[in-house]
Peer 1: 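The structure is given below, and queries will be raised subsequently.
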Amino acid sequence: DSLQQILKGEHGELVGDLLELDQHHIFDDWPAAGQQENQKAQLLSHLQHLDSNYNGGLKAYITNAKKLLQEAQAGENSFEGFTPEVPEGEKLDYASQAFEDYEQKGVEAAHGAAFVLVAGGLGERLGYSGIKLALPVDSARGTCFLQVYIESILALQHLAQKQKPGCVLPLAIMTSDDTHQRTADLLSEHAHFGAEPSQITLLKQEKVACLLDNGAHLALDPSDPFRLLTKPHGHGDVHSLLHSSGILQRWQDQGVSHVCFFQDTNGLVFRALPAALGVSAAHDFDLNSLAVPRKAKEAIGGIARLTHKDGRSMTINVEYNQLDPLLRATTYPDGDVNDSTGFSPFPGNINQLIIKADSYAQQLQRTGGLIAEFVNPKYADSSRKKFKSPTRLECMMQDYAKELPAKARTGFTVINQVWAAYSPVKNAPEDAKAKVAAGSPSHSATTGELDIYHANCRTLQRLGAQIGDPDQCVFNGLKVDLWPRISWSPLFALTLAQLKSKVAGEGLVISKGASLVIEAEDVCIRNLRVDGALRIRAHPKAQLTINGLSVSNSGWNWRPLSLNKPAAEEEWIRGFKVCRGKAGEELTYNEPGKYLVPKKSSHVSSDEQKVAVTA
Ligand code: GDU
């Protein structure tokens, strides 16, 4: 009776649709009129919420799910009729002349750049309970991913303002229920890390209902019979959110020409992004994917050119779980294997996409930002009738390429040195070890940090600096190279050209095991030796010239964690603790002005004692 009443009420149409779509089970234990009215209202408003947050409502969701689940059960191959080939793209050696030329073009185009960070994932695979954006990129500098990303955008903005005075580069961050509040809090606790509050917009994606079986019956939450079980719909939601929020339109009105997408934990993303922007501008690409050499079976998609029997062809990302079966079924009988270079012939998509704003807006007008969905149920047995746990429809942002018309200009930019472009933090220690055993990179919190030092050291070596050899360490069971711990703010140097203009490589000598942190914008390093640890902090308007400084102390230590000793979660996932003791030199300049360091050429030794030079 009480259900009959509802059918006549405010939510009647939706409930009627659900009953027609064979979703009676949601209401099986529906209490009689007058009982548990609050909970009933909660379920109805929850259903309404899910209905209004999916394009076409729950009716469309269930209909799409039934179709995709049937195809999955029948084992249908979404690449039926397509043959993959290795595509042609721009391949750049990091720090080569071509790289620098594109980087310069990217800086020239930067005044038209807007940024989109997808950060709705909680990182369950990592074994970290916080939001990933709050994790430190490296322990030497200690700044979190969100800070480094925002500083990188501000650094590019400073460069872009030389072309277009006063320009502001906007950033949208896609969050989810899991990450939204904590992302907003992180920003407000740190005054938006120096950005204008109006420069940053948060866009929250909604979850979608889980599916119990091939009949697309919606799953009730086992812990609350008056809610449905929901899960994230995937990073592909970002396109419809940029459209429906009107943000893309607003950006276009402000003169945005390129939208640059990136993910939550790749501390190296901005090393390659300006050059990729330059490639996009030079080739007038509608879509440009940044890529790196990919180890076969590595959990990143492969970029492939697919040609259909009927003549259609497209260059797209083939997700890692689909690449091997596609290759085996067509032109590569051995599947996804490394070639003589030690890498898969298919470049690895790192999901840093640069999309031309004009054609993007047209495309979103046409599609509403809808992205091809897929479903990936884990079946209980070979009959493929039962699932191990409820599944849901998902979509991926890189599948934007699938919606593009044939005339669209799609391309990619491979950075030939993985160390210069990609080291995400995704896997918990045990899984990371298993990945390495299987020949893949660990993509752990340990390597995410150590790769920053590696990239910085290798880059400075290219500038002629003398950098001590790495130490061989074992952290969380991973054998790793620990290079000298060099880390700088992107506001000191974002591009290679900036770094070259600020560091005279031949004058820089960093000993094995040393640390150098630059937390300052206007520093010119002419002659500096660090044997131990040195941190330089300065007011944004302080101009420092370091010429003839030699620092020697016992430095900072990256110590493996001892078993059974308490450690912070951030340390535990890395497998080490940084012991700074009292040693380490701090140079601090809190006031604007010009400083020569040292005032007179001198040797500063400060073992077991922290010397603060405060101007
Ligand atoms: N994300 C969302 N919402 C979601 C799911 C994820 O915003 O619903 C965000 C995450 O926070 C993260 C990004 O999307 O910033 C990527 O998520 P994952 O790290 O879970 O991505 P995957 O490892 O599954 O793989 C993706 C691509 C691969 C490859 C890889 C590179 O699908 O092809 O490019 O990133 O890191």
Side-chain angles (χ1 to χ4, degrees), residues 53-54 115-126 128 130-135 145-146 149 172-180 182-183 202-208 210 230-242 261-269 272 289-295 297-304 316-323 336 344 346-353 371-374 376 392-402 412-415 418 421-428 431-432 435 440-445 447-448 451:
N53 281 299
Y54 184 85
F115 295 88
V116 179
L117 164 57
V118 288
L122 196 53
E124 285 140 327
R125 272 186 283 165
L126 180 61
Y128 178 64
I131 53 166
K132 296 214 272 174
L133 287 177
L135 275 173
F145 278 97
L146 189 54
Y149 289 155
I173 306 176
M174 182 168 81
T175 57
S176 66
D177 273 329
D178 295 331
T179 62
H180 185 82
R182 282 180 281 181
T183 306
L202 299 194
L203 293 172
K204 185 157 81 86
Q205 66 174 148
E206 294 294 333
K207 293 185 179 174
V208 289
C210 289
T230 58
K231 279 192 182 169
H233 188 223
H235 36 73
D237 279 346
V238 72
H239 303 294
S240 59
L241 280 174
L242 287 171
F261 295 79
F262 60 105
Q263 302 194 150
D264 52 14
T265 58
N266 180 14
L268 296 167
V269 23
S289 311
L290 199 54
V292 291
R294 172 183 181 276
K295 286 275 180 196
K297 307 203 170 55
E298 189 179 335
I300 63 178
I303 297 182
I316 58 164
N317 169 73
V318 180
E319 206 52 3
Y320 42 92
N321 53 342
Q322 293 180 310
L323 187 62
D336 183 14
S344 153
F346 294 89
N349 161 51
I350 56 175
N351 252 7
Q352 286 163 215
L353 311 176
I371 293 298
E373 289 176 309
F374 63 96
N376 191 13
R392 85 292 198 177
L393 298 191
E394 293 177 74
C395 59
M396 299 190 294
M397 71 171 172
Q398 62 270 39
D399 279 347
Y400 171 72
K402 290 186 179 166
F412 59 90
T413 307
V414 180
I415 303 296
V418 182
Y422 183 62
S423 183
V425 177
K426 299 203 192 213
N427 300 316
D431 299 336
K435 296 249 172 210
S440 281
S442 75
H443 293 168
S444 62
T447 49
D451 285 346

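In this text, all values refer to a predicted model and were calculated from it rather than measured experimentally. Order of appearance sets the numbers: ligands from 1, and atoms from 1 within every ligand.
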Peer 1: Take atom NZ in K207; do more than 12 heavy atoms of anything else shown fall under 6.0 Å from it?
Peer 2: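 Buried by this count: over 12 neighbours within 6.0 Å.
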
Peer 1: Tell me, please, which residues at least two apart from E394 pass salt bridge (Lys or Arg N to Asp or Glu O under 4.0 Å).
Peer 2: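 Checked E394 against salt bridge (Lys or Arg N to Asp or Glu O under 4.0 Å); matches are R392.
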
Peer 1: Just to be sure I understand the cut-off, which residues have at least one non-hydrogen atom under 4.0 angstrom from an atom of ligand 1?
Peer 2: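 Residues V118, A119, G120, G121, R125, M174, Q205, P232, G234, H235, Q263, D264, I300, G301, N317, E319, Y320, N349, I350, N351, M396, Q398, Y422, K426 each place a heavy atom under 4.0 Å from ligand 1, listed by chain and number.
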
Peer 1: In chain order, what residues pass the ring pair (Phe, Tyr, Trp, His ring centres under 6.0 Å) check against F262, with sequence neighbours excluded?
Peer 2: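 F262 satisfies ring pair (Phe, Tyr, Trp, His ring centres under 6.0 Å) with Y149, F270 once adjacent residues are dropped.
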
Peer 1: So, does K132 use its side chain to make a donor-acceptor pair with the main chain of V425 at under 3.5 Å?
Peer 2: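 Yes, because the side chain of K132 sits within donor-acceptor range (under 3.5 Å) of the backbone of V425.
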
Peer 1: S442 and T447: side-chain donor and acceptor closer than 3.5 Å?
Peer 2: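 The criterion, which ignores hydrogens and geometry beyond distance, is satisfied for T447 and S442.
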
Peer 1: With sequence neighbours excluded, tell me which residues meet ring pair (Phe, Tyr, Trp, His ring centres under 6.0 Å) with H239.
Peer 2: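 Scan of H239 (ring pair (Phe, Tyr, Trp, His ring centres under 6.0 Å), adjacent residues dropped) gives F261, Y360, Y400.
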
